[in-house]
> 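Got a structure for you, written out below as structure tokens; questions coming shortly.
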Amino acid sequence: MKKKGTLINRLHVLRAERRWSQDDLAKKVGVSRQTISSLEANRYNPSLLLAFELARVFDTTVLDIFTYVHDEDKA
């Protein structure tokens with residue numbers, strides 16, 4: 001299946017608001033710091049479980065963290 005869009009996120013902003021390092025967040029959700037770095041750089045899409053765990057840690061919704069942008073919507 002051809003990729004038709006991009007998943008962007010607000011992880012960096014949410015982390016900064018709480019003054020958490022990438023390592024802090026990684027420990028809270030049980031992944032490596034490199035995973036958080038790759039998520040923030042949009043080089044990696046999270047599993048559904050990780051997305052929900054991030055939302056739980058930030059006390060928000062998955063949709064508040066992640067946004068799907070379809071290629072046709074980019075201009």
> Could you tell me which residues satisfy side-chain hydrogen bond (donor to acceptor under 3.5 Å, both in side chains) with Asp64, sequence neighbours excluded, listed by chain and number?
Arg10, Thr60
> Of Leu50, Leu25, Leu7, which is the lone residue that meets side-chain contact (heavy atoms from CB on, under 4.5 Å) with Leu39?
Leu50
> Excluding sequence neighbours, so at least two apart, what forms ring-ring contact (aromatic ring centres under 6.0 Å, His included) with Phe66?
none
> For Arg18, give me all partners under side chain to side chain contact (heavy atoms under 4.5 Å, CB included), at least two apart in sequence or on another chain.
Leu14, Trp20, Phe58
> For a quick check under 3.5 Å, do Thr35 and Ser32 share a side-chain donor-acceptor pair by atom type?
yes
> Could you walk me through whether Asn9 and Thr67 satisfy the side-chain contact (heavy atoms from CB on, under 4.5 Å) test, starting with their C-alpha distance in whole Å, then the side-chain angles of each, then the deciding distance to 0.1 Å, before giving a yes or no?
CA-CA 6 Å; Asn9 67 74; Thr67 303; over 6 Å; no
> Taking only residues two or more places apart in sequence, or in another chain, which ones meet Lys27 in a salt bridge (charged side-chain N to carboxylate O under 4.0 Å, His left out)?
Asp23
> What are the two closest non-hydrogen atoms of Asn42 and Ile8, and how far apart are they?
OD1-CA, 3.6 Å
> Considering residues at least two apart in sequence or located in another chain, which fulfil the salt bridge (charged side-chain N to carboxylate O under 4.0 Å, His left out) criterion with Arg56?
Glu53
> Consider only side-chain heavy atoms of I, L, V, M, F, W and Y, link residues closer than 4.5 Å, and tell whether Val13 and Val57 are in one cluster.
no
> Leu48, Tyr44: one ILVMFWY side-chain cluster at the under-4.5 Å cut-off?
yes
> To the nearest 0.5 angstrom, please state how far the OG1 atom of Thr6 sits from the CG atom of Asn45.
8.5 Å
> Do Leu63 and Ile65 share a hydrophobic cluster (ILVMFWY, side-chain heavy atoms under 4.5 Å, transitive)?
no
> For Ser37, which residues count as a side-chain hydrogen bond (donor to acceptor under 3.5 Å, both in side chains) partner, sequence neighbours excluded?
none
> Can you tell me how far CD1 of Ile36 sits from CZ of Arg15, rounded to the nearest 0.5 angstrom?
8.0 Å
